[in-house]
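Here's the structure, in structure tokens; my notes come after.
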Amino acid sequence: MEDIYSLWRYLQEKFKESLSKVSYDTWIDSAVPVRLTETNIIIEVPSSLHKDYWQNNLATRVVEGIYEFTNKEISPIFMIKNEEVPTIEQERPIRPEKKPFKQAQLNSKYTFDTFVIGKGNQMAHAAALVVAEEPGTIYNPLFFYGGVGLGKTHLMHAIGHQMIQLRPDAKVKYVSSETFANDFINSIQNRTQEQFRNEYRSVDLLLVDDIQFFADKEGTQEEFFHTFNALYDERKQIVLTSDRLPNEIPKLQERLVSRFAWGLSVDITPPDLETRIAILRNKANSERLEIPDDTLSYIAGQIDSNIRELEGALVRVQAFSAIQGRDITTSLAADALKSILPTDKPKALSIYAIQQTVAKFYQVTVEEIKGKKRTKGIVVPRQIAMYLSRELTDSSLPKIGQEFGGKDHTTVLHAYDKIQAAIKKDSTLNEEIKTLSEKLKNN
Ligand SMILES: Nc1ncnc2c1ncn2[C@@H]1O[C@H](COP(=O)(O)OP(=O)(O)OP(=O)(O)O)[C@@H](O)[C@H]1O
């Protein structure tokens with residue numbers, strides 16, 4: 001048998017590559033491998049919350065990682081610290097089994113009931129409900145896009161659950177784009193393409209997550225194109241997610257880009273403070289944690305862009321309180337999060353600050369920059385401000401458009417391309433943009 005510690009180091013490295021620092025520190029760093037046999041690995045974690053998280057989110061990756069390292073199928077068993085080490089023979093392997101269609105690999109926690117609605121996801125939530133209730137009619141495909149950990153997968157699963165509740169015989173299939181690609185490749189290797197096609201083309205609802213990973217996979221794109229057409233022609237609902245709009249995914253075939261635009265694309269933007277507090281409160285209630293309101297506000301104030309990290313922070317605070325035997329208070333939360341929060345976090349640059357700086361530099365007003373006037377003296381500063389908003393902030397194109405008086409994302413893209421091309425030819429403009437960037441970064 002392999003050495004458990006080398007294997008663990010290998011798994012740690014893999015998780016380090018794929019998880020954010022906060023998630024890694026919360027989930028992986030706190031886990032300890034206890035025993036390795038021919039069939040199982042026992043992993044000790046600090047709390048039941050950790051155990052749930054490992055089982056729901058990380059177990060499959062453990063199986064994959066161990067298989068890469070040892071070439072053996074070994075399932076993880078998670079035990080909570082200080083519990084008795086389980087006897088392996090009595091344990092059922094946790095490795096995900098092939099479930100019947102109806103259950104469709106849906107995470108039971110990702111439902112509409114547990115989804116908190118806020119400004120950034122309101123439209124996505126509404127579209128998801130429509131699609132669950134009237135699949136294949138209005139918004140087909142439905143395309144969610146937005147940053148990491150903002151609830152795209154959650155909403156997708158919620159659609160699946162809701163559809164099964166309304167129509168218990170509905171066939172729902174949820175896959176990540178990688179699973180689709182792997183299934184396709186395996187079907188070629190095993191000569192089971194017909195089975196593959198039957199499986200994917202006979203569903204009532206197909207949910208494909210993170211399709212940005214289709215980039216560079218020509219054969220998979222080809223196959224997905226046919227799957228898409230077959231389902232679409234039969235008026236079956238398709239829901240897709242990605243971290244960006246289809247036309248921004250490099251190497252995505254044009255015919256897929258245009259098909260994805262047939263339905264509705266909705267972005268999910270980071271939650272505001274109120275929504276983050278509401279998400280934490282829900283989570284704390286469902287875990288029966290006693291946390292004062294000011295502590296929830298404190299945690300929500302520290303982690304402002306990613307809900308997965310927000311949840312990770314709550315688990316960390318809870319674990320810290322359990323280990324130290326202290327009640328959860330704001331000062332305990334501050335201690336618990338100290339090591340994962342950047343100490344000199346630079347304040348994120350806002351689009352408004354860019355508009356102000358550019359307006360002042362070119363002696364126009366912010367209203368003119370955000371407005372519709374097409375005189376040259378205004379159009380160029382407006383395009384420069386859009387260009388800098390894309391370069392210097394994490395905002396998506398639609399979000400930038402919105403901040404410029406509700407313009408379309410294509411207008412922003414056009415401005416960006418135009419300025420990018422212009423600075424290569426026009427050295428004065430190049431200098432001006434450099435000066436503006438420096439000014440903004442040093443603010
Ligand atoms: N509005 C919300 N209400 C409650 N929980 C939420 C909400 N949005 C996200 N979450 C939770 O945050 C975590 C991350 O969400 P999810 O996995 O759906 O993100 P994602 O956008 O699919 O991210 P990725 O791009 O990494 O796949 C999940 O545990 C999810 O339940």
Side-chain angles (χ1 to χ4, degrees), residues 15 17-24 26-27 49-61 105-129 142-162 174-180 207-215 239-246 248-249 265-287 296 299-300 303-316 318 394 396 399:
F15 281 121
E17 283 165 18
S18 62
L19 297 177
S20 67
K21 184 169 177 338
V22 182
S23 295
Y24 182 89
T26 310
W27 309 114
L49 262 169
H50 286 80
K51 187 171 166 181
D52 281 354
Y53 192 89
W54 272 90
Q55 277 174 350
N56 292 328
N57 301 293
L58 305 173
T60 317
R61 285 196 251 172
Q105 315 280 343
L106 298 177
N107 183 329
S108 60
K109 291 186 181 162
Y110 292 173
T111 61
F112 282 122
D113 285 344
T114 57
F115 191 82
V116 176
I117 305 166
K119 245 190 243 150
N121 61 31
Q122 204 168 24
M123 172 136 169
H125 173 265
L129 258 185
L142 177 60
F143 192 101
F144 293 129
Y145 64 100
V148 173
L150 295 183
K152 301 185 292 296
T153 306
H154 188 136
L155 267 186
M156 252 193 170
H157 285 229
I159 297 174
H161 286 302
Q162 181 81 353
Y174 165 84
V175 284
S176 65
S177 63
E178 283 126 323
T179 304
F180 181 89
L207 309 159
V208 186
D209 213 350
D210 287 327
I211 61 140
Q212 70 272 16
F213 296 122
F214 274 166
V239 182
L240 307 166
T241 74
S242 164
D243 63 351
R244 64 201 89 169
L245 275 166
E248 295 174 4
I249 301 174
S265 302
V266 197
D267 71 336
I268 301 189
T269 53
D272 56 14
L273 182 68
E274 282 69 31
T275 314
R276 297 201 300 278
I277 296 173
I279 290 173
L280 283 179
R281 185 170 293 122
N282 252 19
K283 192 86 191 155
N285 288 345
S286 72
E287 302 288 345
L296 289 180
I299 302 172
I303 300 197
D304 56 6
S305 58
N306 178 329
I307 299 172
R308 192 173 295 123
E309 293 189 355
L310 193 64
E311 291 182 341
L314 184 66
V315 171
R316 200 178 165 88
Q318 189 251 352
D394 289 334
S396 63
K399 163 95 178 129

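We count ligands from 1, going down the list as the structure has it; atoms in each ligand are counted the same way. These numbers come from the heavy atoms of this one structure, side chains and all, not from hydrogens, waters or symmetry mates.
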Query raised in the report: Using 30° and 60° as the class limits, which term best fits the ring planes of Trp27 and Tyr53: parallel, tilted or perpendicular?
Result: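 Answer is parallel, since the angle falls under 30°.
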Looking only at atom types and distance, does a side-chain atom of [X] sit under 3.5 Å from a main-chain N or O of [Y], one as donor and one as acceptor?
X: Ser177; Y: Asp210; value: yes
X: Lys152; Y: Gly147; value: yes
X: His154; Y: Gly149; value: no

Requested in this report: Could you name the option among Asp210, Asn107, Thr114 that has the heavy atom nearest to atom 4 (C) of ligand 1?
Outcome: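 Comparing heavy atoms across Asp210, Asn107, Thr114, the nearest one to atom 4 (C) of ligand 1 lies in Thr114.
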Closer than 4.0 Å to some heavy atom of [X] - which atoms of ligand 1 meet that?
X: Val148; answer: 23 (O), 25 (O), 26 (O)
X: Leu150; answer: 8 (N), 9 (C), 19 (O), 20 (P), 21 (O)
X: Asn121; answer: 1 (N)

Report task. Answer side chain, backbone, both or neither: which part of Glu311 comes under 4.0 Å from ligand 1, heavy atoms only. Result ->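 The part of Glu311 near ligand 1 is the side chain, not the backbone.
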**Report entry** Within reach of ligand 1, part of Thr153 (heavy-atom separation under 4.0 Å)
**Finding:**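 Answer for Thr153: both.
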Any nitrogen or oxygen of [X], main chain or side chain, under 3.5 Å from a nitrogen or oxygen of ligand 1?
X: Val116; value: yes
X: His154; value: yes
X: Phe115; value: no

**Report entry** Exceeds 12 heavy-atom contacts within 6.0 angstrom, atom CG of Asp272
**Finding:**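 Check passes, neighbour count above 12.
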**Report entry** Sub-4.5 Å side-chain heavy-atom contact between Met156 and Tyr110
**Finding:**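 Answer no - side chains too far apart.
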